[in-house]
Enquirer: 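Have a look at this one before I ask anything.
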Amino acid sequence: MGDTTSLASRVRGIGRGFAVTAAAGAAAGLAAAGYGLWEKNQFVLREETVPILPAGFGPFRILHLSDIHFVPGQDRKAQWLSSLAELEPDLVVNTGDNLSHVNGIDPLLKALAPLLEFPGVFVPGSNDYFAPKLKNPASYLRGPSKAQPKPVVLDWPRLRSNFGMSGWVDLTNRNQSVVLNGLRFDFSGVDDPHLGLERYAGWPRGTRGQDTTPHLRVAVVHAPYQRVLDHFTEDGADLLLAGHTHGGQICVPGFGALVANCDIPTWRAKGLNDWESNGSTTPVNVSGGIGTSRFAPVRIACRPEAVLLTLTAR
């Protein structure tokens, strides 16, 4: 009888242990989710200096925006976006994924209105074409996300038209030269490589060969897949700007991003780094992004950011 009582006590003790462990795990999960919901609205400005301008030019300031993923009702995000106009950038570069909701265009344009007063260039991301769908976040650990069946189509033509009418240059699989502050900028951009839509347009005509006019070559892309970084680096880009990764979105303090949602190393998921390919080197800025999918509205150890790049003479 004593042995039976002792066994029953041990079983009850084990059960209580499991219950305590489960409760602690649930509490930790709720705490992490609560923190992630808070951090997604802790917007920051990352500042970088890049010495790539021809002698005698600069400084020149580029405001890099990416992955806004706007949803109606995001008033704090809207106010912060509008306030960035106070920086008075020389150029705004938007590397896509502006939307996360079918009704996001009008409030997004209102938020961006002060920035649309400045010169700008842009390319789209997949979430300019299609709204996100609910999925298991753990699926990102198995590799880059896949196209969803029966996607919800967004009105990208309308958003693109509004950007264009405001004077921003569409670089979707095209190139264009623009003179800014007395310096010729040669831009080349591609459609979203995450969807396999990139088509290289090269650099504007007349800017190759023996051209000695001071200029700067800037490549613009949404998703920084290695094949795209290699192409532009080998093709003579002086600077490459990209987004897409969300900086990992959920990071481990002291370690960094667990995923990049493309094929670049996770330590390159956010920041300014040199990319090397076949003996050529190009500085690449990958934005950690401003928003999240509306179905995964958390950030951990990865605050939403815009990036102010100050270009100076070499």
Enquirer: Do V93 and F232 land in one hydrophobic cluster if side-chain heavy atoms of ILVMFWY residues count as linked below 4.5 Å?
Expert: no
Enquirer: I need the T233 OG1 to D238 CG distance, nearest 0.5 Å.
Expert: 10.5 Å
Enquirer: Restricting to non-hydrogen atoms, name the atom on V92 and the atom on F118 that form the minimum distance, rounded to 0.1 Å.
Expert: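 Distance-wise, the nearest heavy atoms are CG2-CB, 4.2 Å.
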Enquirer: Out of D192, D155, D191, which residue meets the side chain to side chain donor-acceptor pair (under 3.5 Å) rule with Y129?
Expert: D191
Enquirer: Please determine whether residues V220 and L65 belong to a single hydrophobic cluster, defined as Ile, Leu, Val, Met, Phe, Trp and Tyr linked transitively by side-chain heavy-atom distances below 4.5 Å.
Expert: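 As far as the 4.5 Å side-chain criterion goes, L65 and V220 are not connected within one cluster.
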Enquirer: So D230 and N278, side-chain contact (heavy atoms from CB on, under 4.5 Å) or not? Walk me through it.
Expert: CA-CA 8 Å; D230 286 346; N278 285 335; over 6 Å; no
Enquirer: Under 3.5 Å, is there a donor-acceptor pair between the N261 and T245 side chains?
Expert: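 No pair is found: no donor N or O on one side chain lies under 3.5 Å from an acceptor on the other.
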Enquirer: Tell me, do Q249 and D67 make a side-chain contact under 4.5 Å, heavy atoms counted?
Expert: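 With C-beta onward as the side chain, the pair stays apart.
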Enquirer: Treating S83 as the side-chain partner and W80 as the backbone partner, does any N or O pair qualify as donor plus acceptor under 3.5 Å?
Expert: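 Answer holds: yes.
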Enquirer: Would V284 and D274 satisfy side-chain contact (heavy atoms from CB on, under 4.5 Å), going step by step from the backbone distance to the final call?
Expert: CA-CA 6 Å; V284 176; D274 286 338; over 6 Å; no
Enquirer: Within the 4.5 Å heavy-atom criterion, are F163 and S166 side-chain neighbours or not?
Expert: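 The answer is no; the side chains never approach within 4.5 Å.
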Enquirer: Could you see if V307 belongs to whatever hydrophobic cluster contains L53? Use Ile, Leu, Val, Met, Phe, Trp, Tyr and a side-chain cutoff under 4.5 Å.
Expert: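 Yes; L53 is reachable from V307 via cluster members.
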Enquirer: Counting distance only, does the side-chain N/O of T266 pair as donor-acceptor with the main-chain N or O of A260 below 3.5 Å?
Expert: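 Absent.
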Enquirer: Less than 4.5 Å apart, any side-chain heavy atom of V169 and any of R174?
Expert: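 Side-chain contact under 4.5 Å: yes.
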Enquirer: Please verify the inter-ring angle class for H194 with H244; under 30° counts as parallel, over 60° as perpendicular, anything in between as tilted.
Expert: tilted
Enquirer: Side chains of D90 and L180, heavy atoms from C-beta outward: is any pair under 4.5 Å?
Expert: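 Heavy-atom side-chain distance check fails, nothing below 4.5 Å.
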Enquirer: Are the side chain of E198 and the backbone of V190 linked by a donor-acceptor contact shorter than 3.5 Å?
Expert: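 Side chain of E198 to backbone of V190: no pair is present.
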Enquirer: Taking D128 for its side chain and G96 for its backbone only, find out whether a donor-acceptor pair lies under 3.5 Å.
Expert: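 Looks like no, no N/O pair under 3.5 Å.
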Enquirer: Measure the CH2-CZ distance between W275 and R268 for me, rounded to the nearest 0.5 Å.
Expert: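 The CH2 atom of W275 sits 5.0 Å away from the CZ atom of R268.
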Enquirer: Of all the heavy-atom pairs spanning L229 and P224, show the shortest one and how long it is.
Expert: CD1-O, 3.9 Å
Enquirer: Roughly how far apart are F187 CZ and L239 CG, rounded to 0.5 Å?
Expert: 9.5 Å
Enquirer: Hey, what's the ring geometry for F185 with F60, parallel, tilted or perpendicular (30° and 60° as the breaks)?
Expert: tilted
Enquirer: Check the angle between the aromatic planes of W168 and F122 and answer parallel, tilted or perpendicular using the 30° and 60° thresholds.
Expert: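 The arrangement is tilted - the two ring planes meet at 30° to 60°.
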Enquirer: How long is the gap from OG1 on T282 to CZ on R217, to the nearest 0.5 Å?
Expert: 10.5 Å
Enquirer: Does I105 offer a backbone N or O that forms a donor-acceptor pair with the side chain of R158 under 3.5 Å?
Expert: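 Such a contact is absent between R158 side chain and I105 backbone.
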Enquirer: Kindly indicate whether the side chain of R184, heavy atoms from C-beta on, has any atom under 4.5 Å from the side chain of T213.
Expert: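 Yes, their side chains come closer than 4.5 Å.
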Enquirer: Of the non-hydrogen atoms in S100 and V71, which two are nearest, and what is the gap between them?
Expert: CB-CG2, 3.7 Å
Enquirer: Which heavy atom of N94 sits nearest a heavy atom of I68, and at what distance?
Expert: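 Heavy atoms of N94 and I68 come nearest at ND2-CD1, 4.4 Å.
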Enquirer: Going only through I, L, V, M, F, W and Y residues with side-chain contacts under 4.5 Å, is there a path from V179 to L183?
Expert: no
Enquirer: Can you tell if the side chain of I62 reaches within under 4.5 Å of the side chain of L241, non-hydrogen atoms only?
Expert: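 Yes, close enough: below the 4.5 Å cut-off.
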Enquirer: If you round to the nearest 0.5 Å, how far is NE2 of H246 from SG of C251?
Expert: 12.0 Å
Enquirer: If you round to the nearest 0.5 Å, how far is CD of E305 from CZ of R299?
Expert: 7.5 Å
Enquirer: Minimum heavy-atom separation for N127 and P132, please, with both atom names.
Expert: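 Closest heavy-atom pair between N127 and P132: ND2-N, 3.9 Å.
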Enquirer: Would N181 and F57 count as a side-chain contact (heavy atoms from CB on, under 4.5 Å) here? Give the steps.
Expert: CA-CA 9 Å; N181 293 5; F57 289 91; over 6 Å; no
Enquirer: When Y200 is tested against each of V228, N175, N173 for side chain to side chain contact (heavy atoms under 4.5 Å, CB included), which residue passes?
Expert: V228
Enquirer: Between I52 and P283, which heavy-atom pair has the shortest distance, and what is it?
Expert: CG2-CG, 4.2 Å
Enquirer: Any chance the side chains of H64 and T95 put a donor and an acceptor closer than 3.5 Å?
Expert: yes
Enquirer: Quick check: do P124 and R160 have side-chain heavy atoms less than 4.5 Å from each other?
Expert: no
Enquirer: With distance as the sole test, does S161 use its side chain to make a donor-acceptor pair with the main-chain N or O of P157 at under 3.5 Å?
Expert: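 Such a contact is absent between S161 side chain and P157 backbone.
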Enquirer: Do D97 and S126 touch side chain to side chain, with heavy atoms closer than 4.5 Å?
Expert: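 Yes, their side chains come closer than 4.5 Å.
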Enquirer: Walk me through it: do V123 and V221 pass the test side-chain contact (heavy atoms from CB on, under 4.5 Å)?
Expert: CA-CA 6 Å; V123 293; V221 59; 5.5 Å; no
Enquirer: Would the distance check show the side chain of E39 and the main-chain N or O of A301 forming a donor-acceptor pair, the cut-off being under 3.5 Å?
Expert: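 Side chain of E39 to backbone of A301: a pair is present.
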Enquirer: Honestly curious: do W267 and V286 fall in one hydrophobic cluster under the side-chain, below-4.5 Å linking rule?
Expert: no
